[in-house]
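Remarks on the structure that follows.
In each ligand, atom 1 is the first atom listed, and ligand 1 is the first ligand listed.
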Amino acid sequence: MRHFLCIGDCSTEELNELLDLSSSLKKLYKSGGRDVCLAGKVLAMVFEKPSLRTRISFQVAMTDLGGSAIFIRPEDVGGIGAREPIKDMARVLSRYVDGIMARTFAHNTVVELAKYATVPVINALTDLSHPCQAMADVLTIKEHIGRLTGVKVAFIGDGNNVAQSLAFAAAKLGMKLVVASPKGYELDWGVIEKTNAIKADSVSITNDPVKAVAGADVVYTDTWVSMGQEAEKKKRIKAFKGFQVNAELLKSAPAGVKIMHCLPAYRGLEITDDVVESPNSIIFDQSENRLHFQRALVKKLMS
Ligand code: CP
Ligand code: NVA
């Protein structure tokens, strides 16, 4: 494993190894221990989009392991791929740092960085995928449900970057994902084909949220308007009517169903406040696990 761009590129063994390492480092740090395996190592963090969780959890993960991180915004370097080509940025950064993490609009930007970098590159969200989120999510599911095999996750909303990465995680780790979206906002057909080629019947889609939540172990949602789609906000809010995760929809799910959201949550749109705050919500455990997963990821890639 050299880079971490897409869950689909990793083997099931590698993913399980990362989950095990996340759990053992979580235990170590919770009990006051420390592992300085990245002493003196530096991670460059390139962000074309805003972030709370990803930025802070990666920075803390690097500090925890004895290393450090440098935050780079497009305006600091004259734009990503603007003042100089991405391939030059990749090679220059590789001469200074030990790893590059990037959150970009175009997925191809992280692919290009990885192609030319001589240090590991991590996808910290693109328009296409969010693999660090999905891995923190499966860690959370494992902790709360005790297994991944056969767990049914109903993703209600946009077939977006978060849904795509969950689909690959489901296929690789034995979960069943159903994505319920309005017509025109479904999970990409190519992703459905690829994931079902990895594991038959692991990923399916529907336009009926009620049908999707029946028998689910987890109900998951994300914003209807991802970063970069702000101009479509009005149209999207209209299109996603009927796809809110609320008490009424959850009447069709099993009583103990766990509620997940990658955050930030737009209360009153894709989810209601009472559902975010309900006892079945494991949303903040999910956020915490971003740190525990990424600590394991940078250790594996950079030490
Ligand atoms: N879930 C997530 O990636 O959050 P941020 O956008 O705040 O990093
Ligand atoms: N789908 C959202 C996820 C935010 C963490 C977005 O891309 O904005």
Assess Arg236 against Tyr185: is NZ or CZ under 6.0 Å from the centre of the six-membered ring, and within 45 degrees of the ring's axis?
-> no
Within 45° cone and under 6.0 Å: Arg55 NZ/CZ vs Phe47 ring | no
Tell me the protein heavy atom at minimum distance from [atom], and give that distance in Å.
atom                   : result
atom 7 (O) of ligand 2 : Asn161 ND2, 2.8 Å
atom 7 (O) of ligand 1 : Leu52 N, 2.6 Å
atom 5 (C) of ligand 2 : Leu263 O, 3.6 Å
atom 4 (O) of ligand 1 : Arg53 NE, 2.7 Å
atom 6 (O) of ligand 1 : Arg103 NH1, 2.8 Å

Is [X] close to ligand 2, meaning an N/O of one under 3.5 Å from an N/O of the other?
X      : answer
Met227 : yes
Thr223 : no
His130 : no
Asp222 : yes

Full working for side-chain contact (heavy atoms from CB on, under 4.5 Å) between Tyr220 and Ile156 | CA-CA 6 Å; Tyr220 195 124; Ile156 310 299; over 6 Å; no
Which pair of non-hydrogen atoms, one from Ala114 and one from His3, has the smallest distance, and what is that distance?
-> O-NE2, 3.2 Å
Under 4.0 Å from a heavy atom of [X]: which atoms of ligand 1 are those, numbered in the order shown and with their elements?
X      : value
His130 : 2 (C), 3 (O)
Arg290 : 1 (N), 2 (C), 3 (O)
Cys262 : 1 (N)
Ser51  : 5 (P), 6 (O), 7 (O), 8 (O)

Ion pair check, Glu14 and Lys300, cut-off under 4.0 Å = no
Taking NZ, NE, NH1 and NH2 as the nitrogens, is one of them in Lys251 or Glu248 under 4.0 Å from a carboxylate oxygen of the other?
-> yes
Strictly under 4.0 Å, does any heavy atom of Leu263 approach an atom of ligand 1?
-> yes
Side-chain donor-acceptor pair present, Thr54, Arg103, cut-off under 3.5 Å = yes
Within a reach of under 6.0 Å around NZ of Lys194, are more than 12 heavy atoms found that belong to other residues, nucleotides or ligands?
-> no
Return yes when atom CZ of Phe71 has more than 12 non-hydrogen atoms of other residues, nucleotides or ligands closer than 6.0 Å, and no otherwise.
-> yes
When hydrophobic residues are tied together by side-chain contacts of less than 4.5 Å, even through go-betweens, does Trp189 share a cluster with Phe155?
-> yes
Heavy-atom distances under 4.0 Å are what count here, so tell me which part of Arg55 touches ligand 1: side chain, backbone, both or neither.
-> neither
Under a heavy-atom criterion of less than 4.0 Å, does Thr54 contact ligand 2?
-> no
